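Remarks on the structure that follows.
What you see is a predicted model; the values in this text were computed from it and never measured. Letters go in sequence order (proteins before strands), and every chain restarts at 1. Just so you know, these numbers use all the heavy atoms, side chains as well, and skip hydrogens, waters and symmetry mates.
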2 protein chains.
Amino acid sequence: MRILIIEDEVTLNKTLAEGLKEFGYQSDVVETLKDGEYYLDIRNYDLVLTDWMLPDGNAVDIIPDIKTKTPKTVIVVLSARDDNESEIEALRAGADDYIRKPFDFDVLVARLEARLRFGGSNIIEIDDLIINPEEEKIIYRDKEIELKGKPFEVLTHLARHRDQIVSKEQLLDAIWEEPELVTPNVIEVAINQIRQKMDKPLGITTIETVRRRGYRFCFPKEA
Amino acid sequence: MRILIIEDEVTLNKTLAEGLKEFGYQSDVVETLKDGEYYLDIRNYDLVLTDWMLPDGNAVDIIPDIKTKTPKTVIVVLSARDDNESEIEALRAGADDYIRKPFDFDVLVARLEARLRFGGSNIIEIDDLIINPEEEKIIYRDKEIELKGKPFEVLTHLARHRDQIVSKEQLLDAIWEEPELVTPNVIEVAINQIRQKMDKPLGITTIETVRRRGYRFCFPKEA
DNA sequence: TCTTCGATGATGAGAATACGCATTGATTGT
DNA sequence: ACAATCAATGCGTATTCTCATCATCGAAGA
């Protein structure tokens with residue numbers, strides 16, 4: 001496993017390289033986008049871990065390039081800023097994950113490994129809506145939506161099966177530990193929560209109900 | 001779609017019936033060959049899912065019978081044994097598929113469905129008319145038709161048996177949970193709905209009534 | 001061939017039912 | 001005590017069924 005680290009804070013990139021080595025990853029470190037591109041040309045990387053803002057530009061400038069040349073390379077963006085816009089921008093450009101500084105190193109490794117194992121990203125991105133199951137976080141047009149727990153999981157599951165009818169039973173099976181111990185009514189409650197906290201304040205429709213058959217995530221809504 | 005399950009392990013046959021229901025199949029469950037034969041006599045099944053060894057005999061004893069009486073009924077045999085001989089025997093007798101226990105439920109469903117829709121997809125596409133049973137959606141010349149619930153199911157069933165006369169009893173058996181509890185008049189009502197909401201606005205004829213015998217889906221209509 | 005009549009299907013209206021929604025209060029675990 | 005989750009409830013609406021009536025078909029007889 002070979003990782004390219006593009007990061008201009010020297011203390012941080014040393015820590016990263018050393019830390020990752022202990023977990024069995026070989027990594028190369030560069031401090032500018034230019035150097036990064038150079039390395040990407042001469043070597044194949046399984047993963048690129050790059051800062052968002054760099055002295056000679058922005059990570060977004062090279063992400064699409066990487067994704068077209070070597071689509072399998074996983075890209076993870078680090079950002080110092082608590083800035084939703086850049087997260088959206090990064091993901092849209094093709095990044096697979098987005099991690100905010102400061103971060104716990106073990107968490108970072110866990111997420112990198114999850115990405116590597118999985119191949120792609122867990123993050124669901126539809127239109128201006130971003131659902132990040134790992135962080136249990138939803139962002140719509142730069143604003144975070146307060147939706148946690150079961151309702152969040154229901155939304156996530158439905159979003160993953162976009163445009164398909166998902167029955168209540170399927171939702172129970174997928175999300176609840178012991179589906180037989182709860183009534184399907186809990187789904188309705190969860191759906192209600194979603195509509196109260198997402199659809200209503202944002203003036204959008206994410207989930208439509210298909211009588212007798214279940215629910216369907218359809219967003220953005222066709223006319 | 002109606003399925004007969006012949007299986008003597010109670011936990012298994014419950015799982016099967018419930019699981020299949022979620023996939024949109026109506027199933028009856030019996031635990032012996034004798035009962036199985038009885039049900040086969042009074043009802044039409046699209047598929048028979050039977051255990052190989054049963055308390056009162058072997059599935060091979062009834063397979064040829066089913067295949068002569070109702071050749072279209074698909075027969076799938078389940079066997080607890082890791083036994084090639086019985087598989088050969090079952091297939092030779094006329095079974096359409098053979099699945100070994102233990103099995104993954106999703107695999108089972110996939111195989112059943114593969115058997116049921118002769119290799120193609122579930123979507124019925126005739127001329128400019130598209131019927132999608134999964135999404136409960138009808139499209140004619142790029143326009144969606146509002147037809148849901150029972151009338152939708154009736155239409156679907158008839159379309160699946162294009163050009164064949166389907167009796168009201170067959171429709172009841174195939175679509176209603178307890179056909180004996182409703183009058184056959186409900187079919188007429190459903191047919192009426194279809195004609196009001198599809199044929200009339202679109203200026204087409206999809207279902208013709210064959211007096212005393214049933215209904216026949218014949219579209220597009222030959223001159 | 002025409003007419004009549006019984007049987008079968010079509011249709012519309014209203015009743016019965018099933019389903020989903022929203023709210024509430026209880027329960028659980030932190 | 002607080003937050004999350006769930007069961008229970010009543011309510012409104014969409015669907016489904018029944019029933020009563022009307023139309024149509026087709027066979028039998030004139």
Side-chain angles (χ1 to χ4, degrees), chain A residues 136-138 145-158 165-201 205-218, chain B residues 21-22 24 26 136-138 145-158 165-201 205-218:
Chain A
E136 198 172 59
K137 193 157 145 191
I138 301 171
I145 310 305
E146 277 304 322
L147 195 69
K148 309 267 181 232
K150 289 280 194 285
F152 180 90
E153 293 189 68
V154 169
L155 178 71
T156 303
H157 191 266
L158 285 168
I165 298 176
V166 183
S167 72
K168 290 178 194 171
E169 287 70 25
Q170 288 174 318
L171 283 167
L172 284 176
D173 283 349
I175 296 169
W176 271 261
E177 296 267 345
E178 292 159 304
E180 52 283 340
L181 297 186
V182 297
T183 76
N185 176 247
V186 295
I187 304 279
E188 291 162 17
V189 175
I191 297 277
N192 187 29
Q193 279 280 320
I194 295 169
R195 302 219 251 235
Q196 295 297 323
K197 294 195 169 170
M198 284 216 17
D199 296 27
K200 215 151 100 181
T205 302
T206 55
I207 297 168
E208 77 182 11
T209 111
V210 182
R211 208 150 215 272
R212 299 191 46 103
R213 313 215 28 205
Y215 296 91
R216 172 201 283 156
F217 186 94
C218 55
Chain B
K21 183 159 191 183
E22 289 191 13
Q26 262 319 319
E136 199 171 59
K137 200 158 150 189
I138 300 172
I145 310 304
E146 278 303 324
L147 195 69
K148 309 251 182 261
K150 287 279 194 285
F152 179 91
E153 294 189 66
V154 170
L155 178 71
T156 304
H157 190 265
L158 286 167
I165 299 176
V166 183
S167 72
K168 291 177 194 169
E169 287 69 28
Q170 287 175 316
L171 284 167
L172 283 177
D173 281 350
I175 296 168
W176 269 259
E177 299 248 355
E178 291 157 305
E180 48 283 340
L181 296 186
V182 297
T183 78
N185 179 243
V186 294
I187 305 280
E188 290 157 16
V189 174
I191 297 276
N192 188 30
Q193 278 280 319
I194 295 169
R195 289 181 173 149
Q196 297 296 323
K197 293 197 169 168
M198 283 213 23
D199 297 27
K200 216 151 100 181
T205 302
T206 55
I207 297 167
E208 75 181 14
T209 109
V210 183
R211 209 146 220 273
R212 308 226 59 219
R213 317 215 27 217
Y215 295 91
R216 173 201 286 154
F217 186 93
C218 55

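Computed from coordinates, the F152(B) CZ to dT15(D) P distance equals 14 Å when rounded to whole Å. Between the C1' atom of dT16(D) and the CD1 atom of I187(B) lies a distance of 12 Å, rounded to the nearest Å. Taking atom CZ of residue R216(A) and atom C1' of nucleotide dG20(C), one finds them 17 Å apart after rounding to whole Å. One atom, NZ of K197(A), and another, P of dA22(C), lie 15 Å apart when rounded to the nearest Å. Rounding to whole angstrom units, CD of residue E153(A) and P of dC6(D) are separated by 10 Å. Rounded to whole Å, the distance from CG on L172(A) to P on dT5(D) is 14 Å. Distance, E177(B) CD to dC17(D) P: 11 Å, rounded to whole Å. As rounded to whole Å, 14 Å separates atom C1' of dA14(D) from atom CG of L147(B).
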Pair up each side-chain donor or acceptor in residues 173-184 of chain B with any protein partner under 3.5 Å, not counting sequence neighbours, and list the distances.
| from | atom 1 | to | atom 2 | distance (Å) |
| --- | --- | --- | --- | --- |
| E177(B) | OE2 | K21(B) | NZ | 3.3 |
| E177(B) | OE2 | Q26(B) | NE2 | 3.1 |
| T183(B) | OG1 | N185(B) | N | 3.3 |

Contacts under 3.5 angstrom, residues 147-154 of chain A side chains, donor-acceptor by atom type, not counting sequence neighbours:
| from | atom 1 | to | atom 2 | distance (Å) |
| --- | --- | --- | --- | --- |
| K148(A) | NZ | E136(A) | O | 3.2 |

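Recorded end-axis angle for the helix from dT1(C)-dA30(D) to dT30(C)-dA1(D) stands at 30°, based on five pairs per end and rounded to 10 degrees.
Contact annotation for L181(A): backbone-only contact, meaning every heavy-atom pair under 4.0 Å involves sugar-phosphate atoms and none involves a base.
Within the structure, every side-chain polar atom (N or O) of W176(B) is placed at least 4.0 Å from both OP1 and OP2 of dT16(D).
R213(B) is linked by a side chain to side chain contact (heavy atoms under 4.5 Å, CB included) to I165(B), V210(B), counting only residues two or more places apart in sequence or in another chain.
Between I187(A) and K168(A) the shortest heavy-atom distance is CD1-O, 4.0 Å. Scanning all heavy atoms of the two residues, the minimum distance from T209(A) to R195(A) falls at CG2-NH2, 3.1 Å. Between E146(B) and K197(B) the shortest heavy-atom distance is O-CD, 3.3 Å. Taking both residues in full, the closest heavy atoms of F217(A) and I207(A) are given as CD1-CG1, 4.2 Å, listed atom of the first, atom of the second, then distance. The heavy-atom pair separating M198(A) from L155(A) by the smallest distance is SD-CD2, 3.7 Å.
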Take R216(A) and V166(A), measure what side chain to side chain contact (heavy atoms under 4.5 Å, CB included) needs, and give me the verdict at the end. CA-CA 6 Å; R216(A) 172 201 283 156; V166(A) 183; over 6 Å; no
For Y215(B) and E188(B), run side chain to side chain contact (heavy atoms under 4.5 Å, CB included): C-alpha distance rounded to whole Å, both residues' side-chain angles, the deciding distance at 0.1 Å, then the answer. CA-CA 10 Å; Y215(B) 295 91; E188(B) 290 157 16; 3.5 Å; yes
Per-nucleotide protein contact string for nucleotides 8-14 of chain C, where B marks a base within reach and S marks sugar-phosphate only (heavy atoms under 4.0 Å, - for neither): BSBB---
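Checked by atom type, the side-chain pair T206(A)/D199(A) shows a donor-acceptor distance below 3.5 Å.
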Sort me out a list of protein N/O and nucleotides 28-30 of chain C N/O pairs below 3.5 Å, or just none if empty.
none

